[in-house]
Amino acid sequence: MAIRKSSKLPQAPILKQILKRCSSLGKKQGYDGDGDGLPMDVPKGHFPVYVGENRRRYVVPISFLSHPEFQFLLQRAEEEFGFHHDMGLTIPCEEVVFRSLTSMLR
């Protein structure tokens with residue numbers, strides 16, 4: 001999968017909405033009670049995503065949201081899976097490509 005830059009990037013409020021919708025799964029599964037709805041093993045300033053055919057879980061920093069390459073993955077996730085489901089934020093990307101991309105963003 002090639003990563004291409006999109007001329008239509010989501011803005012910060014849209015990204016916050018995406019994270020809020022995706023973190024609502026935590027409220028259903030008894031995660032921490034501090035109101036953010038994230039699992040207790042997710043450090044502050046991070047969020048979980050599920051990647052690849054086996055939906056392997058990765059915890060990534062929120063700072064990734066400012067990178068156009070990661071925003072492109074979020075756009076693809078919305079197009080392919082939408083954000084109104086109980087699976088968490090699923091990224092339509094091969095794990096090896098995702099790991100390569102995230103290692104460059106750190």
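Only this structure's heavy atoms are used, side chains among them; waters, hydrogens and symmetry mates stay out. It should be emphasised that the depicted structure is a prediction, and the values quoted were computed from it without experimental measurement.
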Query - Spacing of SG belonging to C93 relative to CD belonging to E53, to within rounding of 0.5 Å - result: 13.0 Å
Requested in this report: Classify the angle between the aromatic ring planes of F98 and Y58 as parallel (below 30°), tilted (30 to 60°) or perpendicular (above 60°).
Outcome: tilted
Report summary line: All heavy atoms of S103 vs all of S100, minimum pair found to be OG-O, 2.8 Å
Report task. To the nearest 0.5 angstrom, please state how far the CZ atom of R106 sits from the CG atom of L101. Result -> 10.5 Å
Report summary line: Heavy-atom nearest pair, R57 first then P48, reads NE-CB, 3.8 Å
Requested in this report: Could you list the residues that satisfy side-chain contact (heavy atoms from CB on, under 4.5 Å) with E80, not counting sequence neighbours?
Outcome: R76, P92
Query raised in the report: Taking the side chain as C-beta and beyond, is there a heavy-atom pair between L105 and V60 under 4.5 Å?
Result: no
Requested in this report: Please answer whether the main-chain N or O of L65 pairs with a side-chain N or O of H67 as donor and acceptor at a distance below 3.5 Å.
Outcome: no
Query - Candidates I91, T102, T90 - the one meeting side chain to side chain contact (heavy atoms under 4.5 Å, CB included) with V51 - result: I91
Requested in this report: Look up atom CZ in R55 and atom CD in E95, then write down how far apart they are to the nearest 0.5 Å.
Outcome: 10.5 Å
